[in-house]
Structures are given as C-alpha cells and as structure tokens.
Amino acid sequence: MRDISLQLLAWYDANAREMPWRVPPNARQNGTLPDPYAVWMSEVMLQQTTVAAVREYHNKFMALWPSVHDMAAADDADVMAAWAGLGYYARARNLLKCARAVVADHGGVFPADYAVLLTLPGIGPYTAAAIASIAFDLPETVVDGNVERVMARLFDIHDPLPKSKPVLTARAKQLTPDTRPGDYAQAVMDLGATICTPRNPSCGACPWQQPCAANAAGTAAELPKKTPKKKTPTRHGIAYVVQRADGALLLETRPASGLLGGMLGWPGSEWGDAPEPAPPLDANWQTLNEQARHTFTHFHLRLTVMVAKVDARAQARRGSFVAAPDFDAGALPTAMRKVFDIAAPTLRNT
DNA sequence: CATTCGTGGTT
DNA sequence: TAACCAAGAAT
C-alpha cells in the first residue's frame with residue numbers, strides 16, 4: 001500500500017509547484033524546513049482560497065509583519081485593511097488572536113504538535129495537520145478538498161460528501177508515509193490541484209493512474225459526489241455615501257462578529273427583502289441608478305447607493321468621518337468597494 | 001450536524 | 001447568467 005505513496009513523492013520531486021512560502025523538495029531533502037510562521041500564514045490564507053489569490057497577500061503580509069512577534073504587536077485595523085479583498089474576514093481576526101496566543105502562551109514559537117496547534121484560534125484539523133507536516137515534518141495527514149477528491153477517486157467511493165468525510169480521512173491516513181510526510185502532504189494537494197482536478201481530470205498524466213479504482217471503473221469525473229445545496233436567495237439593502245465639504249467620507253467599522261465583521265463599510269440599512277431606510281444623517285439624498293451587486297457564499301446582495309454632500313459642521317448619528325487623504329478604497333471589503341466605485345463619479349461631479 | 005462566512009475565476 | 005469551485009473554521 002505504501003509504495004504508491006512513494007510513487008507520488010517521486011512525481012512531486014519532478015512536478016512540485018513553486019510557491020513563495022514553500023521549500024522545494026530537493027532543499028527539504030537536504031534538511032531545510034520552511035519558517036513555521038510563513039507556513040501558518042499561507043495555510044490560513046489558503047483556507048477556501050486559491051493559490052493565485054493568496055500569493056500577493058502572503059508577500060504583503062510577510063513584508064509588513066515578518067515575524068509572529070510583529071503580527072502579535074500589529075494594529076488590528078491595519079491587519080483588517082491589509083486583508084481587505086481576500087474574504088472570510090474571521091481569518092484575519094483569528095490571525096491576530098493566534099499570533100498573540102503564540103507569543104503569550106508559547107514563547108513566540110509555533111508548537112510542533114498537532115493537538116496543541118489545534119487549540120489555537122483559526123487553526124482547525126486541516127491547518128493543524130498542514131503546519132505539523134509541512135513546517136515540522138511530523139507524520140500528520142492533511143485532508144482538504146483536494147485530498148477528499150483524490151481519495152474518493154483512488155478508492156472509487158460513491159458516498160456523498162460531507163457524510164463520507166470520515167471514510168476519506170481514514171483512507172488518507174493509511175497512505176501517509178513515515179518518511180517525508182511534509183512533502184507527501186504537499187504532493188497530494190498538488191496532485192489534486194493540477195491532475196486530479198474537479199472537472200476533466202488528466203488521468204493519463206496521473207502517477208496514480210494504475211492503482212486508481214475510479215480510473216478503472218471510468219467514474220473519476222463524477223467523483224466525489226456531494227449532497228446538493230439549496231440555491232442562494234437575494235437580499236436587498238441601502239448604502240449611504242456621505243461626503244463632507246472638506247472631502248471627508250462617513251464610514252463605520254462593522255461589528256466584530258458576523259458578515260464582514262471588523263471591516264470598514266458604509267453606513268446602511270439592514271439587508272433583507274424590503275429594507276427600511278436608515279440614513280446616518282439628514283441631508284438631501286440622491287439615489288443613484290446603478291445598484292451594487294455582490295454575491296456572498298449564501299446570498300446575493302443588491303445595494304441601492306444613496307449619495308449626499310454635507311457641510312463641514314455636519315454631525316452623523318453613527319459612523320465617523322475619514323479625512324480624504326486617509327481614505328483608501330483598497331481597505332474596504334469588495335461589496336463596499338463596489339458601492340464606492342458607483343458613487344465616486346457623482347462625488348467628483350458635485 | 002447544519003449554517004455562517006468572501007471572493008474571483010471557470011464553465 | 002447561474003452554478004460551481006478553492007490548501008476550512010467556528011458556532
């Protein structure tokens with residue numbers, strides 16, 4: 001059984017993808033391991049996020065906060081602003097919590113232990129196994145979407161996810177070798193990302209073509225099965241963009257938990273079927289023709305954009321004015337940035 | 001155990 | 001255009 005793991009490692013030696021946070025297989029076999037901080041940063045960013053999207057964010061974060069001590073001492077608003085656009089903002093909040101826990105409780109050193117890693121904020125079963133194996137070369141088994149798909153095909157398992165996850169996890173553990181577990185973890189995920197893809201898998205180029213049960217049965221492309229999900233509803237809301245005579249814009253920091261938690265945004269109504277107007281101040285509001293459309297994981301959002309210009313003495317019922325030189329649309333989550341993009345021409349022309 | 005939580009690319 | 005998908009975690 002284990003010899004097929006070695007086959008995969010041989011494939012990885014020749015086909016490993018290059019990533020800024022990764023130590024290539026030849027260097028790893030010479031005894032070089034990656035910086036656990038960089039690995040942790042990458043794995044948190046990679047949760048439900050593509051490698052392509054993570055690259056520049058990882059570079060930026062490593063430049064701004066090169067060590068876990070820097071991250072622990074970082075200003076929360078700076079980290080949230082730097083994370084803007086990457087999504088799943090609870091990850092950024094947990095990034096700070098985790099860094100501070102590592103410094104406060106673990107002497108500023110990431111623990112080389114799966115069970116201890118699992119106790120840290122934002123580190124679940126996948127990420128704990130990824131850090132343990134990739135950063136410390138411990139024989140832990142990563143089970144992400146790639147591994148689930150590869151195992152479902154390798155063993156021709158037709159039970160739908162997520163119910164089948166325990167079986168897929170057990171299979172993945174059976175295959176994890178004692179030698180080079182870190183490279184092996186990265187190898188299975190690379191295989192899933194480049195060969196054993198969700199659609200149109202390149203079975204002809206797969207190092208596991210021979211042992212693959214789904215390839216033999218001709219079922220690879222239809223695996224893994226998944227329980228169908230319900231369709232996403234549409235919610236509506238109103239976003240208010242206020243500009244003061246000196247150019248300052250009215251923004252508010254959203255509540256620390258929930259959707260876009262801790263992020264900067266425009267004051268607005270609740271989001272639902274028929275939102276009640278909730279202007280942050282009394283003004284001569286102008287409703288723009290174009291709505292901001294944005295899709296979250298579980299609903300579509302259509303925001304009506306309302307714009308007002310107010311004088312320098314204006315007082316808002318909520319939010320706070322941000323001076324024009326301090327405003328950075330890049331610090332907004334995408335839904336809010338779309339609102340700004342729609343409002344910007346009107347702001348300039350009035 | 002089901003739901004909540006982003007975003008951009010692909011089909 | 002709508003659905004699907006990506007190195008999941010927290011509740």
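A note on names: the letters A, B, ... follow the listed sequences, proteins ahead of strands, and every chain is numbered from 1.
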Q: Report the residue (A:Ala90 or A:Asn200) whose heavy-atom-nearest nucleotide on DNA chain B is the more 5′ of the two.
A: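 Closer to the 5' end of DNA chain B: A:Ala90.
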
I'd like to know if the side chain of [X] pairs up with that of [Y] as donor and acceptor (distance under 3.5 Å, no hydrogens or angles considered).
X	Y	answer
A:Ser269	A:Glu276	no
A:Arg91	A:Thr49	yes
A:Thr232	A:His300	yes

Please list, for nucleotides 1-3 of chain B, all pairs of protein and nucleotide N/O atoms separated by less than 3.5 Å.
{"residue": "B:dT3", "atom": "OP1", "partner": "A:Lys230", "partner atom": "NZ", "Å": "3.1"}

Q | Any residue of residues 25-33 of chain A with a heavy atom less than 4.0 Å from an atom of DNA chain B | A |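 Those residues whose heavy atoms fall under 4.0 Å from DNA chain B, taken from residues 25-33 of chain A, amount to none.
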
Q | Nucleic acid contacts of residues 331-341 of chain A, taken as heavy-atom distances under 4.0 Å to DNA chain B | A |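 When residues 331-341 of chain A is checked for heavy atoms under 4.0 Å from DNA chain B, the hits, listed by number, are A:Pro333, A:Thr334, A:Ala335.
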
Dump the pairs, protein N or O against N or O of nucleotides 2-6 of chain C, anything under 3.5 Å, distances to one decimal.
{"residue": "C:dA6", "atom": "OP1", "partner": "A:Arg149", "partner atom": "NH1", "Å": "2.6"}

Q | Aromatic plane relationship, A:Phe296 with A:Phe299 - under 30° parallel, 30 to 60° tilted, over 60° perpendicular | A |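 If you compare the ring of A:Phe299 with that of A:Phe296, the planes turn out tilted.
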
Q. Thinking salt bridges, do A:Arg28 and A:Asp137 make one under a 4.0 Å N-O criterion?
A.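 Answer for the salt bridge query: yes.
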
Q. Starting at NE2 of A:His294 and ending at P of B:dG8, how long is that distance when rounded to a whole Å?
A.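 The answer, rounded to whole Å, is 7 Å.
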
Q: Between A:Ile123 and A:Val51, name the one whose nearest nucleotide on DNA chain C is closer to the 5' end.
A: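 Per heavy-atom nearest nucleotide, the more 5' residue is A:Val51.
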
Q: Taking only heavy atoms on the protein side, list every residue of residues 176-190 of chain A lying under 4.0 Å from any atom of DNA chain C, sorted numerically.
A: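 Contacting residues: A:Met189, A:Asp190.
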
Q.
Apply the hydrophobic cluster definition, ILVMFWY joined by side-chain contacts under 4.5 Å directly or through others, and give me every member besides A:Leu250.
A.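 Via sub-4.5 Å side-chain contacts, A:Leu250 links to A:Ile238, A:Tyr240, A:Val242, A:Leu281, A:Trp285, A:Met306, A:Val310, A:Phe321.
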
